[in-house]
Asker: 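The structure that follows is given in the form of structure tokens.
Side chains are part of it too, since the values below use all heavy atoms of this structure and drop only hydrogens, waters and symmetry mates.
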Amino acid sequence: MKKNLEDNFSDKATLDELITVLENGKISEVTVEKIGVSYNQGDDAINHFLEWVLENGTKYNHEYGLLNLDNKLTQEQIDKVKTTLTAQK
């Protein structure tokens, strides 16, 4: 591991420091995967919940050790859920 990243992965690093490093750079030594949700797009309640998760729920991600999506991908997902909601009306 590169020396400048070594401190961020030591026992002295906090979870917040580790998450910040993982969100801001591609660290080849650490595998980061995205998780997804498979759902019935016709269910309005689920669509509203997913919209809330993407717009408001991400502020809790770090508290639970989850990384945030980059802003572009987050906006694409929000637009997709909103399009589904609009199409159902």
Asker: Using every non-hydrogen atom in the two residues, find where Leu54 and Thr74 come nearest and quote the distance to one decimal.
Answerer: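 Shortest heavy-atom contact: O-CG2, 3.8 Å.
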Asker: What's the spacing between Thr58 OG1 and Trp52 CH2 if we round to 0.5 Å?
Answerer: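 Those atoms lie 8.5 Å apart.
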Asker: Tell me which pairs pass salt bridge (charged side-chain N to carboxylate O under 4.0 Å, His left out) where either residue lies in residues 67-87, with sequence neighbours left out.
Answerer: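 Non-adjacent pairs meeting salt bridge (charged side-chain N to carboxylate O under 4.0 Å, His left out): Glu51-Lys82, Glu55-Lys82.
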Asker: Where do Leu22 and Leu18 land on the side chain to side chain contact (heavy atoms under 4.5 Å, CB included) test, with the steps shown first?
Answerer: CA-CA 6 Å; Leu22 291 173; Leu18 181 58; 4.2 Å; yes
Asker: Report, one line per pair, each donor and acceptor closer than 3.5 Å where one atom sits in a side chain of residues 59-67; sequence neighbours left out.
Answerer:
{"unit_1": "Asn61", "atom_1": "ND2", "unit_2": "Asn68", "atom_2": "OD1", "d": "2.7"}
{"unit_1": "His62", "atom_1": "NE2", "unit_2": "Glu23", "atom_2": "OE1", "d": "3.2"}
{"unit_1": "His62", "atom_1": "NE2", "unit_2": "Glu23", "atom_2": "OE2", "d": "2.8"}
{"unit_1": "His62", "atom_1": "NE2", "unit_2": "Asn68", "atom_2": "ND2", "d": "3.4"}

Asker: Heavy atoms, side chains only, cut-off 4.5 Å: are Asn71 and Gln75 in contact?
Answerer: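 Asn71 does not reach Gln75 side chain to side chain.
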Asker: To the nearest 0.5 Å, tell me how far Ile78 CD1 sits from Thr83 OG1.
Answerer: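 Reported value, rounded in 0.5 Å steps: 11.5 Å.
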Asker: Is there a side chain to side chain contact (heavy atoms under 4.5 Å, CB included) between Val81 and Gln77 once you walk through the steps?
Answerer: CA-CA 6 Å; Val81 171; Gln77 295 303 311; 5.7 Å; no
